[in-house]
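Presented below is the structure to which this report refers.
Note that this is a predicted model, so its numbers are computed, not measured. We use all heavy atoms of the structure for the numbers below, so side chains are in, but hydrogens, waters and symmetry mates are not. Below, chains carry the letters A, B, ... as their sequence lines are ordered, and counting in each starts from 1.
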Amino acid sequence: MSMYDNLNSMQQEAVFHTEGPVLILAGAGSGKTRVLTHRASYLIEEKGVNPWHIMAITFTNKAAGEMRERIDSLVGFGSESIWVSTFHSTCVRILRRHIDRLGYDTNFTIYDADDQKILMKDICKRLQIDTKIYKEKSFLGVISSAKDELISPEEFTLRAAGDFAKEKQAAVYREYQAALRKNNALDFDDLIVKTVELFQNDAEVLDYYQERFRYIMVDEYQDTDTAQFHLIKLLAEKYRNLCVVGDDDQSIYKFRGANIKNILNFEEIYPDARVIKLEQNYRSTQNILNAANSVIANNVGRKAKALWTDHPEGEKINFQQFETAYEEADYIAADIRKKVSENGGHYGGCAILYRTNAQSRLFEEKFVVSNIPYKIVGGINFYARKEIKDLLAYLKTIDNGRDDLAVRRIINVPKRGIGATTLGRVQTYAEEQGLSFYQALRAADEISTIGKAGMKIRPFVNFIQTMRSKVEYLGVSKLLQEIIEETGYVAELEAESSDEAQARIENIDELISKAVAYEESEESPTLSGFLEMVALVADIDNLQEGSDYVVLMTLHSAKGLEFPNVYLAGMEDGMFPSYITIISDDPSEIEEERRLCYVGITRAMTDLTITCAKQRMIRGETQYNKVSRFVKEIPETLLGGMARSRQKPKETSESAGQSFRQASSKVKPIFSTRNSYQSRQANSFASSSTDKITLEYGSGDRVKHMKFGEGTVVQIVEGGRDYEVTVAFDRVGTKKMFASFAKLKKV
DNA sequence: GTTAGAAACAATCCT
DNA sequence: TGTTTCTAAC
């Protein structure tokens, strides 16, 4: 019996049809990852294809990681040569090798949304645009959409002729792109755009990759935008062995440029395409699937599909309406508690899904006081926190001196007494001389206008230069630690001794850990490599399967995941579908929301609870909302719990109140629940915040460190729930470090 | 040049 | 409500 016997006939067809274009329409829970991984295996084992010629492309690192793991376990030999990665890391990898052909340096930096905004602000100032009337964000939005559509600044300018507002946007776009180039930086969209540009302009490079990727598989194809479509099209042009997998009913990324036509018109672009439908769902109960089907049936213009399952009917969908959003959170917390203790379930099987990130706050507060372990996905990215960005800016400056943004960010952090006036003068000088900002700083002595401020600049420049010379032999994590030492960044925070500062310090420790982990995981770690990884991770990538905590995230983040027990919270008209789509006169916007609802329902395997509140606070104002129209699209026969909803809230908020008293008398959460600086990963377990680490060593003891070797403990200082340990190492001198991170062993 | 406190303002969703 | 920008005082 072969491994392919476990697949159903449609899945088998998808696996065995290896040559030419293939479109796999894979309904929710129909086992598409299984198909893709088996297909890779089949190509290698049965068709004798060299794994080197196979590429699988996804949207998130998490999906790529999972696929890699599953392929590895299926394929006996050579699976590591298969190129499995995301669109963005694929492009970065290609650009790091060849972008010099487009006039960029191969050590370009990648700008995140924050960086883009700062840059745009600067440009608006330069072009004397009143940002009260034209917002930076709207320019960035326009530019991003243009890039998604592969519209260059030049073409945008041509198209804008005669339209005052568009001409202004065109000017901004041109200026923005020029600034990026000057800084040797690419924004997120550029990663795709520049790769396409490279392929279009350089036949040699294109041919190399076409030869390499003879078999291409694309996951979540309904999410591709026009630029990504062209990227794939170019790559697949020579061998035409392109297999795309997607589900038009799960297309939920129009706002970031996803073009649903890519999947709907696949057969027109590839007339010889084989179309295969996967319609058997292996995930959900009959009731859940019926609910999902009846909701999505209200959309027009879908590809015909009939999702079915041979699973039993299962429980009814539990629907509850509450007076307030607080009661909603109370109920869900109590219900999770009940399910976990009664049914022997575990927290890890529960997920709360909502439309907007802001909704996580109430649940977070509730879970902290109730001692329910949880993890929030999304919101502010770890790498977007101020303290992390500051330190990364140091690394970027050391790595790429042409990144003006990074230099300007840290030139006065910590305070060096260099203010706006001086910076303005340096800037002017840089422009006059055609230098980068950093080069101008190096030449500060030559700038007549800045006078004695040059004295303040020189130490900074010296510091960066010294660090540059040390990059090679220090490595990323030690470089980072030396920056922290030399600049006194952490020391300054320690002096502040507030909860917020403490949380920032913990984040910095986390960053060091990530640097160490990077160095350990990579064969030849480099500073650029680390910065690249950092730029491309999404919050969802850190979600570990099998962990025992409740997961909270937006419906968008939940795509591709499944949970036994799902709560869809805030199902109110105005929240979901969102206010903006309700007032929009484009009916397709509601359809996209409906698809999002479909995605949400189909995440559930056995238990689905839908909740809403009659009133909730939004930005300080109380809003009154009706039950979501999507709930009304579910046949009443599938719903349970509604009749009880009038008494139930009181009852549950009381029982939840009990657990609150219990918890609060015993445990005092270390973080203020309002503290947005907290590292969510670190403190997810409310209970763990009480565990103070115990040290097996004391002052004077001999200890051993993973990297630094042996040494003697000089001093131990208590700080929060951690200890700061000073150790005199035999080889590398005296170092200060946190006990929880350093993992010192007594010898 | 730096800081804190007041005022203004905002509208999803994300790699 | 939470965050960013402006203003005034040190």
Side-chain angles (χ1 to χ4, degrees), chain A residues 57-64 85-92 110-114 116-118 121 131-132 135-138 141 144 147-148 186-192 220 223-225 227-228 251-258 325 353-362 365 377-381 383-384 386 412-424 453 456 532 534-541 553-560 570 574-584 589 592-593 595-597 599-600 616-623 674-677:
Chain A
I57 202 154
T58 65
F59 275 89
T60 65
N61 293 299
K62 182 168 188 284
S85 84
T86 66
F87 272 101
H88 291 90
S89 21
T90 298
C91 288
V92 171
I110 301 166
Y111 278 1
D112 68 9
D114 236 41
Q116 287 178 284
K117 210 175 155 201
I118 295 169
K121 218 181 220 168
T131 52
K132 287 239 164 69
K135 302 262 154 66
E136 293 101 326
K137 247 169 81 184
S138 72
S144 177
K147 288 183 176 178
D148 289 343
L186 300 186
D187 66 18
F188 245 78
D189 299 310
D190 277 344
L191 296 178
I192 315 286
E220 306 280 13
D223 291 337
T224 50
D225 61 30
Q228 287 156 343
S251 160
I252 55 173
Y253 282 113
K254 189 171 166 215
F255 73 91
R256 81 174 183 206
L353 310 181
Y354 37 75
R355 183 65 178 80
T356 65
N357 280 305
Q359 287 168 265
S360 68
R361 239 195 77 238
L362 282 182
E365 287 176 1
V377 176
I380 333 148
N381 187 320
Y383 294 106
K386 181 184 176 298
N412 202 29
V413 177
K415 300 259 154 9
R416 297 186 176 92
I418 304 167
T421 349
T422 311
L423 294 185
K456 294 172 180 165
E532 178 178 313
V534 156
L536 296 179
V537 294
D539 212 21
I540 191 81
D541 298 334
M553 64 184 131
T554 62
L555 289 147
H556 282 91
S557 300
K559 191 154 69 103
M575 290 294 288
F576 187 31
S578 77
Y579 175 69
I580 296 162
T581 54
I582 290 175
I583 59 164
S584 159
E589 296 211 1
E592 175 132 329
E593 295 277 293
R595 289 193 288 270
L596 189 56
C597 180
V599 167
R616 75 170 66 231
M617 243 344 186
I618 297 187
R619 278 198 314 282
E621 267 180 305
T622 306
Q623 269 189 14
R674 296 273 166 93
N675 187 352
S676 60
Y677 293 100

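- For Lys137(A), the salt bridge (Lys or Arg N to Asp or Glu O under 4.0 Å) test picks out no residue, with sequence neighbours left out.
- Ser557(A) comes within 4.0 angstrom of sugar-phosphate atoms only, judged by non-hydrogen atoms across all strands, and of no base.
- For Asp148(A), there are no salt bridge (Lys or Arg N to Asp or Glu O under 4.0 Å) partners, not counting sequence neighbours.
- Counting non-hydrogen atoms under 4.0 angstrom, Asn61(A) reaches nothing in the nucleic acid.
- For the C1' atom pair drawn from dT12(B) and dT5(C), the interatomic distance equals 24 Å after rounding to whole Å.
- Among the heavy atoms of the strands, none lies under 4.0 Å from Lys117(A).
- Thr421(A) comes within contact range of the sugar-phosphate backbone alone, with a heavy-atom separation under 4.0 Å but no base atom that close.
- For Ala258(A), the side-chain contact (heavy atoms from CB on, under 4.5 Å) partners two or more places apart in sequence, or in a different chain, are Tyr253(A).
- Rounding to the nearest 0.5 Å gives a distance of 12.5 Å between CD1 of Ile540(A) and NE2 of His556(A).
- Within the nucleic acid shown, Gly620(A) comes within 4.0 Å of at least one base atom, counting heavy atoms only.
- Scored by the ring-ring contact (aromatic ring centres under 6.0 Å, His included) test, Tyr111(A) finds no partners at all (sequence neighbours excluded).
- In this structure, Lys559(A) reaches neither bases nor backbone, as no heavy-atom distance under 4.0 Å exists between it and the strands shown.
- Put simply, chain A comes within 4.0 Å of DNA chain B, heavy atom to any atom, from dG1(B) to dT15(B), going 5' to 3'.
- DNA chain B is contacted by both Lys415(A) and Ala358(A); Lys415(A) maps to the nucleotide lying nearer its 5′ end (nearest heavy atom per residue).
- Among the protein residues, Lys121(A) comes within range of the sugar-phosphate backbone only, with heavy atoms under 4.0 Å from sugar or phosphate atoms but none that close to a base.
- Taking CD1 of Ile380(A) as the reference point, atom NZ of Lys386(A) lies at 14.0 Å (rounded to 0.5 Å).
- With salt bridges taken as basic N to acidic carboxylate O contacts below 4.0 Å, none links Glu589(A) and Lys254(A).
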Is there any protein nitrogen or oxygen under 3.5 Å from a nitrogen or oxygen in nucleotides 6-8 of chain C, and what are the pairs?
none

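- Between Arg619(A) and dT3(C) there is no side-chain polar atom (N or O) within less than 4.0 angstrom of OP1 or OP2.
- Evaluation of the side-chain hydrogen bond (donor to acceptor under 3.5 Å, both in side chains) rule for Asp189(A) yields Ser144(A) as partners, not counting sequence neighbours.
- At the heavy-atom level, Ser144(A) lies nowhere under 4.0 Å from the strands shown.
- Note on Asp189(A): nothing from the nucleic acid sits closer than 4.0 angstrom, heavy atoms only.
- Residues that satisfy the salt bridge (Lys or Arg N to Asp or Glu O under 4.0 Å) test with Asp225(A), not counting sequence neighbours, are absent from this structure.
- Counting any heavy atom pair closer than 4.0 Å across all strands shown, Ser578(A) reaches a base atom.
- Along DNA chain B, the nucleotide nearest to Arg416(A) and the one nearest to Asn357(A) differ in position, and the one closer to the 5' end is contacted by Arg416(A).
- Contacts of Phe87(A) with the nucleic acid, taken as non-hydrogen atoms under 4.0 Å apart, are absent.
- Glu592(A) is linked by a salt bridge (Lys or Arg N to Asp or Glu O under 4.0 Å) to Arg595(A), counting only residues two or more places apart in sequence or in another chain.
- Looking at heavy-atom distances under 4.0 Å, Phe59(A) makes contact with sugar-phosphate atoms alone, never a base.
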